[in-house]
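See below for the structure under consideration.
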Amino acid sequence: MSSDLIAAIIRAMKCYAAIAMLQGDKKTADRYEQKAEVYRRHLEQQWWNKETQVYQNFFTNTNTFGKGEGETFLLWYDVLTDSSRIQSTIRYLINNPTNVENLSYLPYQFCRYGYADDAYKYILHLTNPETKRREYPEVSFGVIEGIVQGIIGVEADARFHRLTTIYNSLAKHSAELRNLSVLSSKVDIKHWQNGSSFTTNGVSAINWRAAFHGRIPFLFVNGKKTKTVQKKDVMGRWRSYIDVIALPGKTITVVTTYQ
């Protein structure tokens with residue numbers, strides 16, 4: 001038995017619960033959420049090593065735990081809820097390099113949890129012609145994922161026809177995506193230090209959630225002062241956002257300060 005298998009089971013049950021909820025079957029949704037929680041508690045109580053401060057990776061038929069690979073997928077399946085254990089897991093991954101297949105998952109995951117500088121280093125490493133075995137398919141997909149969902153912070157939610165963006169970079173330079181195919185549209189996204197712009201070229205409007213790191217009481221949408229929603233993520237970091245309707249062919253600009 002491996003820890004990544006348990007993580008996959010947890011995520012599968014939570015996904016099935018979400019599907020049931022969308023279909024209006026709250027009873028089934030609750031049952032599978034409870035099943036997922038039983039596995040999650042088992043992972044936290046039985047697989048966490050208090051001495052080494054990392055998760056064990058496998059359990060043998062001689063009833064002993066062992067250490068190998070698997071931390072990557074605890075992050076990938078989004079099953080960890082303790083910020084200190086997430087930090088320990090990421091530190092372990094940073095200090096214990098693995099093969100390119102596993103490395104390809106890290107840029108996006110590191111961005112999600114606030115390690116954008118490390119994510120950028122892995123993107124450069126994975127795209128370096130000197131990196132061995134970089135021709136593996138995981139690498140190219142992982143790099144694109146690390147840029148689009150990681151650095152640019154794109155998250156689509158078809159339930160609400162909503163696209164969230166957040167710039168996961170501390171650098172002073174800007175970043176831009178053009179003709180990104182998502183939600184039956186092609187969109188352009190640009191980020192800079194204190195703002196973002198969004199253009200959709202599809203046939204229908206998109207609900208754009210423009211998010212920024214930190215506690216920001218107001219944002220300026222095309223110059224109009226707008227009150228934000230402020231929430232903490234799993235790592236305890238504040239983010240502030242506003243929801244705006246992006247009409248086809250129109251560009252919306254949201255900035256943190258307006259002069």
Side-chain angles (χ1 to χ4, degrees), residues 15 18 22 75-78 103-128 134 136-213 216 219-222 226 228-229 231 233 239-256:
C15 286
L22 282 172
L75 301 177
W76 175 259
Y77 288 118
D78 196 19
L103 290 181
S104 68
Y105 289 89
L106 299 185
Y108 170 45
Q109 299 306 319
F110 282 6
C111 282
R112 286 180 60 221
Y113 293 110
Y115 293 77
D117 287 346
D118 292 288
Y120 192 66
K121 291 176 184 177
Y122 279 111
I123 289 174
L124 294 180
H125 171 71
L126 291 167
T127 54
N128 188 335
R134 63 187 287 272
Y136 270 58
E138 292 96 329
V139 176
S140 55
F141 281 90
V143 167
I144 296 299
E145 176 188 60
I147 294 171
V148 176
Q149 293 183 259
I151 300 296
I152 305 298
V154 174
E155 180 184 339
D157 192 332
R159 295 173 301 172
F160 310 109
H161 206 64
R162 183 173 66 211
L163 196 72
T164 299
T165 64
I166 187 167
Y167 193 23
N168 291 312
S169 175
L170 301 177
K172 293 183 179 181
H173 55 67
S174 62
E176 186 173 1
L177 284 177
R178 296 179 184 176
N179 295 316
L180 175 66
S181 296
V182 62
L183 296 176
S184 301
S185 299
K186 288 187 181 295
V187 304
D188 299 335
I189 302 163
K190 185 174 182 178
H191 293 310
W192 55 97
Q193 267 193 306
N194 69 327
S196 301
S197 67
F198 183 87
T199 307
T200 175
N201 298 306
V203 297
S204 61
I206 288 179
N207 297 315
W208 177 35
R209 175 164 291 181
F212 295 82
H213 291 291
I216 306 171
L219 292 168
F220 295 88
V221 183
N222 287 348
T226 306
T228 65
V229 177
K231 290 184 177 181
D233 64 13
R239 64 164 54 184
S240 306
Y241 67 85
I242 51 104
D243 290 330
V244 295
I245 298 176
L247 298 175
K250 304 292 184 180
T251 297
I252 300 176
T253 299
V254 177
V255 295
T256 59

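What you see is a predicted model; the values in this text were computed from it and never measured.
Taking CG of Leu180 as the start and CG of Asn201 as the end, the distance is 11.5 Å to the nearest 0.5 Å. Note that the OH atom of Tyr108 and the CD atom of Glu145 stand 6.5 Å from one another [nearest 0.5 Å]. A distance of 10.0 Å separates NE2 of His125 from CG of Leu106, quoted to the nearest 0.5 Å. Interatomic distance, CD1 of Ile152 versus CG of Leu177, reported as 4.5 Å (0.5 Å rounding). Rounding to the nearest 0.5 angstrom, the gap separating the CD1 atom in Ile123 from the CD1 atom in Ile151 is 4.5 Å. Separating the CD1 atom in Ile144 from the OG atom in Ser104 is a distance of 12.5 Å, to the nearest 0.5 Å.
Partners of Asp117 under the side-chain hydrogen bond (donor to acceptor under 3.5 Å, both in side chains) rule, at least two apart in sequence or in another chain, do not exist in this structure. Residues satisfying the side chain to side chain contact (heavy atoms under 4.5 Å, CB included) criterion with Ala171, sequence neighbours excluded, are Ser169, His173. Contacts of Tyr120 classified as ring pair (Phe, Tyr, Trp, His ring centres under 6.0 Å), with partners at least two apart in sequence or in another chain: none. The side-chain hydrogen bond (donor to acceptor under 3.5 Å, both in side chains) check on Asp188 picks up nothing, with sequence neighbours excluded. Scored by the ring pair (Phe, Tyr, Trp, His ring centres under 6.0 Å) test, Phe110 finds Tyr122 as partners (sequence neighbours excluded). Applying the side-chain hydrogen bond (donor to acceptor under 3.5 Å, both in side chains) criterion to Gln193, with sequence neighbours excluded, gives no partner residue. When the side chain to side chain contact (heavy atoms under 4.5 Å, CB included) test is applied to Glu176, the partners found at least two apart in sequence or on another chain are Arg178, Lys190. Not counting sequence neighbours, the partners of Phe198 by the ring pair (Phe, Tyr, Trp, His ring centres under 6.0 Å) test are Trp208. Partners of Arg162 according to the side-chain hydrogen bond (donor to acceptor under 3.5 Å, both in side chains) rule, which considers only residues two or more places apart in sequence or in another chain, do not exist here. Residues passing the side chain to side chain contact (heavy atoms under 4.5 Å, CB included) test with Thr256 are Asn194, Phe212, Ile216, Leu219, sequence neighbours excluded.
Checking Val148, Val182, Val154 one by one against Ile189, the side chain to side chain contact (heavy atoms under 4.5 Å, CB included) holds for a single residue, Val154.
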Exercise for the section: Kindly indicate, with the supporting measurements, whether the criterion side-chain contact (heavy atoms from CB on, under 4.5 Å) is fulfilled by Asp157 and Thr164. Expected result: CA-CA 8 Å; Asp157 192 332; Thr164 299; over 6 Å; no

Exercise for the section: Kindly determine whether Val255 and Trp192 satisfy side-chain contact (heavy atoms from CB on, under 4.5 Å), including the steps that lead there. Expected result: CA-CA 9 Å; Val255 295; Trp192 55 97; 4.0 Å; yes

Exercise for the section: Test Leu103 against Glu138 for side-chain contact (heavy atoms from CB on, under 4.5 Å), laying out the working first. Expected result: CA-CA 9 Å; Leu103 290 181; Glu138 292 96 329; over 6 Å; no

Name every donor-acceptor pair, under 3.5 Å, that has one atom in a side chain of residues 241-253 and the other anywhere in the protein, sequence neighbours excluded.
from	atom 1	to	atom 2	distance (Å)
Asp243	OD1	Arg209	NE	2.7
Asp243	OD2	Arg209	NH2	2.9
Thr251	OG1	Thr199	OG1	2.6

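The shortest non-hydrogen separation linking Asn168 to Gly150 is ND2-O, 2.8 Å. Here the closest non-hydrogen pair linking Leu75 and Gln109 is O-OE1, 3.2 Å. Scanning both residues, Gly146 and Pro107, for their nearest heavy atoms gives CA-CB, 3.8 Å. Annotation for Ser185 and Gly202: closest pair OG-CA, 3.6 Å, computed over non-hydrogen atoms.
Evaluation of the ring pair (Phe, Tyr, Trp, His ring centres under 6.0 Å) test over residues 148-172, restricted to residues two or more places apart or in two chains, returns Tyr167-His191.
In this structure, the side chains of Ile166 and His213 come closer than 4.5 Å at one or more pairs of heavy atoms.
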